[in-house]
Amino acid sequence: AQRHAIGLADLRAQVNLPRQTLHRTLLQLEELGLITRDPVRDKFYVGPRLSSLATGALFSENHNMPARAILQRLVDEIGESCNIGVLDGMSFLYLDRIQTDKALRIHLEVGARVPAYCTSGGKLLLACLPEADSCALIRSATLKAHTDRTITDVKALEAELQQCRERGYSTNDGEYTPGIVGVAAPITDKTGRTIAAVACHGPSVRVSLDELKQFIPRLRMAAKELGEYWA
């Protein structure tokens, strides 16, 4: 498997295709988000959509039960809904989600997509992309305001993602749904690459953002367990 960026000449030597055919194929894969090109070094590497497809396949086929057990323990301990998701373009895609049994909650199905730029799991995964990828995705998207707290300014969002990188977790302070707060931690593979996020959220009338932040160490423990199952 190719873990690092690779140039066109080296890639051509490996796949033994005519230059024009390979270049056309790479452009098509780039358009689909399956690979990403570094324009400075003119090299290609795995794109966010391919990563999300691979992680989704691993989850659904091999590791659903262990992952769900880990998620259920989180819900039991935190007392709020928890989820596992991946980045799909500018969307956060739910691979699994377990709701709290408390009356006030948001209903979202597995397979649902929510905007990445205004949810804790989505912001975390945008922050964990190579910075050039993250900037390109943000600048190509329409940052619609879902609440009065949604970050719709590109520079402000980039600054928020930088804070996520520095602290190693992300937050959502009512940015997608009014009154819903959340936090997320990264799930990494054995190479240290972020492959998914584990998050929890709840209504601010019941749990504050500061209170949810107290569970970040527990989210990180769950993320470590999940990463070991997916290794």
Side-chain angles (χ1 to χ4, degrees), residues 1-15 17 19-20 22-56 85-93 95 113-145 150-172 175-176 184-199 223 227 230:
Q2 182 66 37
R3 294 184 179 177
H4 305 290
I6 185 170
L8 186 60
D10 290 336
L11 188 56
R12 185 186 173 195
Q14 289 189 23
V15 300
L17 287 174
R19 182 182 180 86
Q20 289 185 339
L22 179 58
H23 189 260
R24 183 170 61 251
T25 301
L26 289 171
L27 287 177
Q28 292 171 341
L29 292 174
E30 186 178 5
E31 288 176 1
L32 292 170
L34 298 176
I35 63 170
T36 302
R37 184 175 71 90
D38 182 341
V40 176
R41 297 183 299 161
D42 197 25
K43 291 188 175 184
F44 297 87
Y45 49 92
V46 170
R49 176 158 292 177
L50 183 56
S51 294
S52 70
L53 288 172
T55 304
V86 294
L87 192 66
D88 186 5
M90 277 294 284
S91 295
F92 182 70
L93 170 65
L95 295 182
R113 287 175 168 79
V114 293
Y117 64 93
C118 52
T119 51
S120 59
K123 286 197 295 182
L124 178 74
L125 296 178
L126 285 172
C128 290
L129 287 175
E131 195 167 348
D133 277 7
S134 180
C135 289
L137 276 173
I138 292 169
R139 292 177 183 274
S140 67
T142 300
L143 304 180
K144 173 185 173 183
T150 307
I151 301 173
T152 56
D153 179 77
V154 170
K155 290 186 177 179
L157 182 56
E158 288 176 344
E160 169 75 3
L161 297 184
Q162 181 58 37
Q163 288 187 353
C164 293
R165 294 184 190 102
E166 291 172 357
R167 64 196 180 198
Y169 68 88
S170 65
T171 63
N172 168 20
E175 296 158 46
Y176 178 53
I187 301 170
T188 59
D189 64 14
K190 60 184 177 182
T191 69
R193 181 175 62 93
T194 298
I195 56 175
V198 57
W230 284 340

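What you see is a predicted model; the values in this text were computed from it and never measured. FYI, the numbering just counts along the sequence from 1.
- Considering only heavy atoms from C-beta on, V86 comes within 4.5 Å of L95 through its side chain.
- Taking the side chain to side chain contact (heavy atoms under 4.5 Å, CB included) definition, one finds that K155 meets it with D153, sequence neighbours left out.
- Counting only distance, with no hydrogens or angles, the side chain of S170 and the backbone of S120 share a donor-acceptor pair below 3.5 Å.
- Residues that satisfy the side chain to side chain contact (heavy atoms under 4.5 Å, CB included) test with A141, not counting sequence neighbours, are M90, L143.
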Donor-acceptor contacts under 3.5 Å from residues 122-130 side chains, at least two apart:
residue, atom, partner, partner atom, Å
K123, NZ, E160, OE2, 3.0
K123, NZ, T171, O, 2.8
K123, NZ, E175, OE1, 2.8
K123, NZ, E175, OE2, 3.2

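- Two residues are said to be in side-chain contact when any heavy atoms from C-beta on lie closer than 4.5 Å; Y176 and V114 meet this criterion.
- The closest side-chain donor-acceptor pair between E166 and Q162 falls under 3.5 angstrom.
- One finds the SG atom of C118 at 9.0 Å from the CD1 atom of I151 (value rounded to the nearest 0.5 Å).
- Across all their heavy atoms, L161 and S134 have their closest contact at CD1-OG, 3.5 Å.
- Taken from OG1 in T188 to CZ in R193, the straight-line distance is 10.0 Å, to the nearest 0.5 Å.
- Listed by chain and residue number, nothing satisfies the ring pair (Phe, Tyr, Trp, His ring centres under 6.0 Å) test with Y169 (two or more places apart in sequence, or in another chain).
- Shown here are the salt bridge (Lys or Arg N to Asp or Glu O under 4.0 Å) partners of R165, two or more places apart in sequence or in another chain: there are none.
- Atom CD1 in I138 sits 4.0 Å away from atom CG in L157 (nearest 0.5 Å).
- Side-chain atoms of Y117 come within 3.5 Å of backbone N or O of K144 as a donor-acceptor pair.
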